[in-house]
Amino acid sequence: MVNRYGADMGDGTDICAHVGDISLRRAGDEGIGYVIDCVRRSVEASVGEDERRFSDLWIRDILTISETSLRERRMDDEAYIASDSDGERVGMVWIGASRDEFTCDATGYLLGIFVEPEYRRKGIGSILLSFAEDVCKRNGYLHMSLNVGYANGSARGFYDSRGYMVRSEVRRKELYRTL
């Protein structure tokens, strides 16, 4: 069986990790639709109301790029789906590789993390984030980076509580008149 975050449990299953009642499995082709749906919901939660109103203008592009990246592993990435002991999907985590924006050092990158609303505040986000950090450590990365939408205050608070610090800000000004 295995340690807390074994890459292969060696028991003939596709379980990559088992923590308490939560199992993580590689998403594989059959799980990509779920991962992309989680990305959509996460992105929509990370933008303000004005942007969300116009999301039909840009969300398809983001999801297409995300799916292509995941299928082709463009960022040396892998997605994992978390399930409870009944086999219910409770969330996902998507991990890849990138370069530090200042030093250009190779770094682990959290491409996406999502917990189903009814399973939030039960420690699952912490399990997923710890799993991602351990995968990055096993891959030799000294750091893991992520982006979080400013409008997603609960996610920002979660990352703050887990020791993630703001290193830069992306600022934007709307140059169009809202209707």
Side-chain angles (χ1 to χ4, degrees), residues 5 17 19-22 24 27 31 33-67 69-70 75 77-84 88-102 107-137 141-179:
Y5 299 114
V19 181
D21 290 339
I22 303 301
L24 285 109
Y34 176 73
V35 171
I36 296 303
D37 182 58
C38 291
V39 169
R40 178 190 56 79
R41 292 186 281 163
S42 181
V43 168
E44 288 174 349
S46 295
V47 297
E49 184 58 39
D50 284 344
E51 279 187 280
R52 213 173 3 265
R53 280 197 348 237
F54 296 108
S55 67
D56 60 324
L57 301 175
W58 50 263
I59 194 74
R60 236 180 331 224
D61 291 340
I62 289 172
L63 299 178
T64 299
I65 290 166
S66 295
E67 183 172 350
S69 178
L70 186 55
M75 295 182 72
D77 49 331
E78 191 75 60
Y80 301 85
I81 296 174
S83 301
D84 66 12
E88 279 296 308
R89 290 178 171 172
V90 299
M92 71 87 188
V93 61
W94 182 14
I95 311 157
S98 188
R99 293 277 174 185
D100 183 271
E101 66 182 316
F102 300 113
T107 185
Y109 193 80
L110 184 67
L111 290 155
I113 187 169
F114 184 83
V115 176
E116 294 291 346
E118 62 271 25
Y119 292 94
R120 293 180 184 162
R121 303 225 174 263
K122 297 181 180 183
I124 295 169
S126 294
I127 290 169
L128 295 175
L129 190 60
S130 292
F131 175 76
E133 291 169 353
D134 284 356
V135 168
C136 288
K137 288 176 196 173
Y141 300 119
L142 300 177
H143 306 96
M144 187 173 82
S145 299
L146 58 88
N147 287 343
V148 60
Y150 190 78
N152 196 342
S154 62
R156 288 192 345 260
F158 171 69
Y159 295 127
D160 288 346
S161 74
R162 299 287 305 210
Y164 286 82
M165 299 172 294
V166 176
R167 287 186 69 208
S168 66
E169 287 184 329
V170 175
R171 297 197 175 221
R172 183 175 120 152
K173 178 181 179 182
E174 298 299 334
L175 300 177
Y176 62 89
R177 188 173 53 128
T178 58
L179 304 175

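In this structure, Leu110 CG and Ile95 CD1 are separated by 7.0 Å, a value rounded to the nearest 0.5 Å. From Ile22, atom CD1 reaches atom OG of Ser83 across 8.0 Å, with rounding to the nearest 0.5 Å. Atom CG in Asp21 sits 11.0 Å away from atom NZ in Lys122 (nearest 0.5 Å). Interatomic distance, Ile59 CD1 to Thr64 OG1, rounded to the nearest 0.5 Å: 10.0 Å. Remark: Ile124 CD1 to Ile113 CD1 distance equals 11.0 Å, nearest 0.5 Å. Atom-to-atom distance recorded for Arg121:CZ and Phe158:CZ is 10.0 Å, nearest 0.5 angstrom.
Remark: Arg167 CZ is packed, more than 12 non-hydrogen atoms of other residues, nucleotides or ligands lying under 6.0 Å away. Taking a 6.0 Å sphere around CG of Asp37, one finds it holds more than 12 heavy atoms contributed by other residues, nucleotides or ligands.
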request  = Quick one: do Val93 and Ile127 satisfy side chain to side chain contact (heavy atoms under 4.5 Å, CB included)? Show the steps, please.
outcome  = CA-CA 10 Å; Val93 61; Ile127 290 169; over 6 Å; no
request  = Apply the test side chain to side chain contact (heavy atoms under 4.5 Å, CB included) to residues Val19 and Phe131: give CA-CA distance (whole Å), side-chain angles for both, the deciding distance (0.1 Å), then the verdict.
outcome  = CA-CA 10 Å; Val19 181; Phe131 175 76; over 6 Å; no
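When every heavy atom of Trp94 is checked against every heavy atom of Ser66, the shortest pair comes out as CH2-O, 3.5 Å. Between Gly91 and Tyr34, the closest heavy-atom pair is N-OH, 3.4 Å. Nearest heavy-atom pair, Ala79 versus Val35, reported as atom, atom and distance to 0.1 Å: CB-CG2, 3.9 Å. Annotation for Gly108 and Tyr141: closest pair N-CG, 3.4 Å, computed over non-hydrogen atoms. The two residues Met144 and Leu129 have their closest heavy-atom pair at CE-CD1, 3.6 Å. Nearest heavy atom pair, residue Tyr109 against residue Cys136, reads N-SG, 4.3 Å.
Contact check on Arg156 versus Asp160 returns no salt bridge, with no Lys/Arg side-chain nitrogen under 4.0 Å from an Asp/Glu carboxylate oxygen. Between Glu116 and Arg41 there is a salt bridge, since a side-chain N of the basic residue sits under 4.0 Å from a carboxylate O of the acidic one. Between Glu133 and Lys137 there is no salt bridge, since none of the side-chain N atoms of the basic residue sits less than 4.0 Å from a carboxylate O of the acidic one.
Side-chain contact between Leu111 and Met75: present, with at least one pair of heavy atoms (C-beta onward) separated by less than 4.5 Å.
Side-chain N or O atoms of Ser42 include none that pairs as donor or acceptor with a backbone N or O of Phe114 at under 3.5 Å. Although no hydrogens or angles enter the test, the distance criterion places no donor-acceptor pair under 3.5 Å between the side chain of Ser69 and the main chain of Ile65.
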